[in-house]
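Below: the structure, in structure tokens.
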Amino acid sequence: MINKNRALRRFIGGVSATLLLVMIGCNSYINPGSTISACSSVAGTWELIADTDNSQCGGSGKKETMVFTVTQEGCELSNNYGATGTIDGTDVKWNVPPWSIDGGVATYLAATAKIQNQKIEGRYDWKWSDGNTECSGITKINGTILATVNVASIQSGVQEKNSMLSPREGTIAHTFSLTAPDAKTVYLAGEMSDWQDNVFEMQRGENNNWSLTLYLPQGAWQYKFVVDGQWIYDKSNPKTTDDGFDGLNSVIVLGKELAELSVNSNIPHGSVINSDFDSKALGENSPFTVYLPPGYSEDSHKSYPLLLLLHGYGSDQNQWVRDGKVQNFMDNLVHAGAIEPFIIVMPYGDKSQYVNNREIHIMEELIPYVRGQYRIKLGKKFTAISGGSMGGFGALYLAHRHQDVFGLSVPLSGYFDLSYYPEFQSEKITMEPELYIYCGTNDHISFSGNESLVKLLKNEGVDFTYKTAPGGHTWRYWNGITTDFLTVASDFFSKQTL
């Protein structure tokens, strides 16, 4: 599986020399009515600008200038990169066999180009797939055949653009604004930039008002402003959520949110219970949150499987209720018959990585405690663990170290700093619990760590499933995969009773 944004940069960047040059033709087909005289003279130095829309693959768009030399023998073309092809009059037609790139296969779907008066224009459509995930995009080209030019003097240049800066089908325009009279620079950071602080620069207007308009898909978006390097929330927006670092993120909702995470007043609802108990391992009171599915209180004899769901760094036991809306997902999916009901327990992990005393607390205190309080089925066949970011690390760490307790581990965008887990690298790795790993391909925090972990697991012969899709280290990504990973948990529990 690949980071599609990175791969497409390589597609148009590191390998673009070959790929762009192939646009001049790799097709042996010639119109039967053509003759040598029907082939325009196109030899010379070509300069092309390729403008790529890779937004469906999670990219932000790219422009690149390429310069190369084309030679011609009749209707047959070649260039100094080894590409060959044909031309019929002013039309260039080509195709390229599929080729492997970053764990998947790229394929050209269609392509056309036309040359008139030494000017070149055209487009090509492509797709990328690894067998599980597929995305596609379009690249438009414009260029010139230069009569005489010193190729070495032409500098290839790359100009980044972001697709969110332009209207696109299915997007909603929203203007972010901030009054900051003393600011020198203001950036917008948030889920739209995968929380990077240098992607969207805001512009100063009248009365020291800084603004930026983005065109975003509908749903909730968390964001902040970065004013001269200082991160602040939008005080003009009353909708906020905890940022995990003793502060707040601002939230906007454009259009409608996902139906699965919205409250449906016409269906039965489960219960969310905030509880706590004194922990000897921690030497303090430890809170936790429980989700009980619809019907739990009505049937006093039925017991349920258990999913332990871990929060991210610096957050708390309510993160999956507050930001993840997991209770709404469960209510809606259970009512629709898409999943079987199960109990979710969400412990407080602070910033612990779920190691040391926090591991002891969860495994030796919390799990036995909730099993005594609620009707939970016993055995690893009915016990699963999942979590996001730091919680993703915890989901792998605890499942590997307690393979007699957990039958399924589902890390989500796990922050796999294996320095917290040295024995995972130094011994032969075995993993009896089923393992499903999720990560967004645009996640600048966790994707590289997930790729390294996957390589390690493959080398050790561990059986697992790795699911990637465009997305960052954001709740937009996690909300987007919640139905999928809850279904994975439900399917695991269900097959144990067959």
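These numbers come from the heavy atoms of this one structure, side chains and all, not from hydrogens, waters or symmetry mates.
- Annotation: side chain of N274 is not in contact with side chain of P287 (no heavy-atom distance under 4.5 Å).
- In this structure a side-chain-to-backbone donor-acceptor pair under 3.5 Å is missing from E365 to I362.
- In this structure the side chain of R371 reaches within 4.5 angstrom of the side chain of T383, judged on heavy atoms.
- Listed by first then second residue, pairs satisfying salt bridge (Lys or Arg N to Asp or Glu O under 4.0 Å) with a partner in residues 283-294 number zero, not counting sequence neighbours.
- With rounding to the nearest 0.5 Å, the separation of CE in M390 from CD in Q319 is 8.5 Å.
- Taking 4.5 Å as the limit, every side-chain heavy atom of N318 sits out of range of all side-chain heavy atoms of D242.
- Of the possible donor and acceptor atoms, one in the side chain of H444 sits under 3.5 Å from a partner among the backbone N and O of D194.
- Considering only residues two or more places apart in sequence or on other chains, H473 meets the ring pair (Phe, Tyr, Trp, His ring centres under 6.0 Å) condition with W478.
- F245 meets the ring pair (Phe, Tyr, Trp, His ring centres under 6.0 Å) test with no other residue; sequence neighbours excluded.
- In terms of modelled atom types and a separation under 3.5 Å, the side chain of S409 and the main chain of A395 share a donor-acceptor contact.
- The number of heavy atoms from other shown groups lying within 6.0 Å of CG (N459) is above 12.
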Side chain to side chain contact (heavy atoms under 4.5 Å, CB included) evaluation trace for I445 with W195: CA-CA 10 Å; I445 294 173; W195 293 105; 5.7 Å; no
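- The closest donor-acceptor contact from the side chain of T465 to the backbone of Y436 lies at 3.5 Å or more, if one exists at all.
- In this structure, the side chain of N450 engages the main chain of S446 through a donor-acceptor pair within 3.5 Å.
- The side-chain hydrogen bond (donor to acceptor under 3.5 Å, both in side chains) check on D243 picks up K224, with sequence neighbours excluded.
- S250 and N237 are not linked by any side-chain donor-acceptor pair at a separation below 3.5 angstrom, with hydrogens and angles left out of the test.
- To the nearest 0.5 Å, the span separating CG on N249 from NZ on K239 amounts to 12.5 Å.
- E451 and Y466 share a side-chain donor-acceptor pair at under 3.5 Å.
- Remark: side-chain polar atoms of D228 are paired, donor with acceptor, to backbone N or O of K184 under 3.5 angstrom.
- Around atom OH of Y304, more than 12 heavy atoms belonging to other residues, nucleotides or ligands sit under 6.0 Å away.
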Show me, pair by pair, the donor-acceptor contacts under 3.5 angstrom made by side chains of residues 342-352, not counting sequence neighbours?
residue : atom : partner : partner atom : Å
Y348    : OH   : D350    : OD1          : 3.0
S352    : OG   : G349    : O            : 2.7
S352    : OG   : Y354    : N            : 2.9

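- Here the straight-line distance linking atom CD1 of I481 with atom CG of L486 works out to 9.5 Å at 0.5 Å rounding.
- Nearest approach of H361 to S286, heavy atoms of both residues: NE2-OG, 3.0 Å.
- Taking OG1 of T289 as the start and CG of D316 as the end, the distance is 7.5 Å to the nearest 0.5 Å.
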Side chain to side chain contact (heavy atoms under 4.5 Å, CB included) assessment of L216 paired with T171: CA-CA 5 Å; L216 302 170; T171 62; 5.7 Å; no
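- With sequence neighbours left out, the side-chain contact (heavy atoms from CB on, under 4.5 Å) criterion links D197 to V226, W231.
- From L178, atom CG reaches atom CG of D234 across 7.0 Å, with rounding to the nearest 0.5 Å.
- Considering only heavy atoms from C-beta on, R168 comes within 4.5 Å of P217 through its side chain.
- Annotation: ring pair (Phe, Tyr, Trp, His ring centres under 6.0 Å) contacts involving residues 210-229, sequence neighbours excluded, comprise F176-Y223, Y223-F225.
- In this structure the side chain of L214 reaches within 4.5 angstrom of the side chain of L165, judged on heavy atoms.
- Between I385 and A399, the shortest heavy-atom contact is CG2-CB, 4.0 Å.
- In this structure a side-chain-to-backbone donor-acceptor pair under 3.5 Å is missing from Y477 to A469.
- For the pair L396 and F416, the minimum side-chain heavy-atom distance is below 4.5 Å.
- In terms of heavy-atom proximity, Y233 sits nearest to T240 at CD1-CG2, 4.1 Å.
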Atom pairs and distances, donor-acceptor, side-chain atoms in residues 255-263, under 3.5 Å, two or more places apart:
residue : atom : partner : partner atom : Å
S262    : OG   : L258    : O            : 3.0

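- Using a 4.5 Å heavy-atom cutoff, the side chains of D331 and N264 are not in contact.
- The closest donor-acceptor contact from the side chain of E191 to the backbone of Q222 lies under 3.5 Å.
- If you look at Y369 and F277, their ring centroids are closer than 6.0 Å.
- Here the straight-line distance linking atom NZ of K280 with atom CD of E364 works out to 12.0 Å at 0.5 Å rounding.
- Here the closest non-hydrogen pair linking P238 and S236 is CD-O, 3.7 Å.
- The shortest heavy-atom contact between F493 and A384 is CZ-CB, 3.7 Å.
- At distances below 3.5 Å, not a single donor-acceptor pair connects side-chain atoms of Y291 with backbone N or O atoms of V321.
- For T474, the side-chain hydrogen bond (donor to acceptor under 3.5 Å, both in side chains) test picks out no residue, with sequence neighbours left out.
- In this structure K380 satisfies the side-chain hydrogen bond (donor to acceptor under 3.5 Å, both in side chains) test together with E432, sequence neighbours excluded.
- Looking only at atom types and distance, the side chain of S413 has no donor-acceptor partner in the side chain of S389 under 3.5 Å away.
- Among residues at least two apart or in separate chains, ring pair (Phe, Tyr, Trp, His ring centres under 6.0 Å) pairs with a member in residues 320-341 are W320-W475, W320-F485.
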Verdict with reasoning, L307 to V410, per side chain to side chain contact (heavy atoms under 4.5 Å, CB included): CA-CA 10 Å; L307 172 65; V410 189; over 6 Å; no
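- Checking Y397 against Q353 by side-chain atom types alone, no donor-acceptor pair falls below 3.5 Å.
- For the pair V488/K467, a side-chain contact is recorded, criterion being any heavy-atom separation below 4.5 Å from C-beta on.
- A pairwise comparison of heavy atoms in T213 and A173 identifies CG2-CB, 4.4 Å as the closest pair.
- Residues satisfying the side-chain hydrogen bond (donor to acceptor under 3.5 Å, both in side chains) test with D276, not counting sequence neighbours, are N285.
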Derivation of the side chain to side chain contact (heavy atoms under 4.5 Å, CB included) call for V290 and S275: CA-CA 8 Å; V290 177; S275 189; 5.6 Å; no
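- Using the six-membered ring where Trp is involved, F393 and Y421 have ring planes that are perpendicular, over 60° apart on the 30 and 60° scheme.
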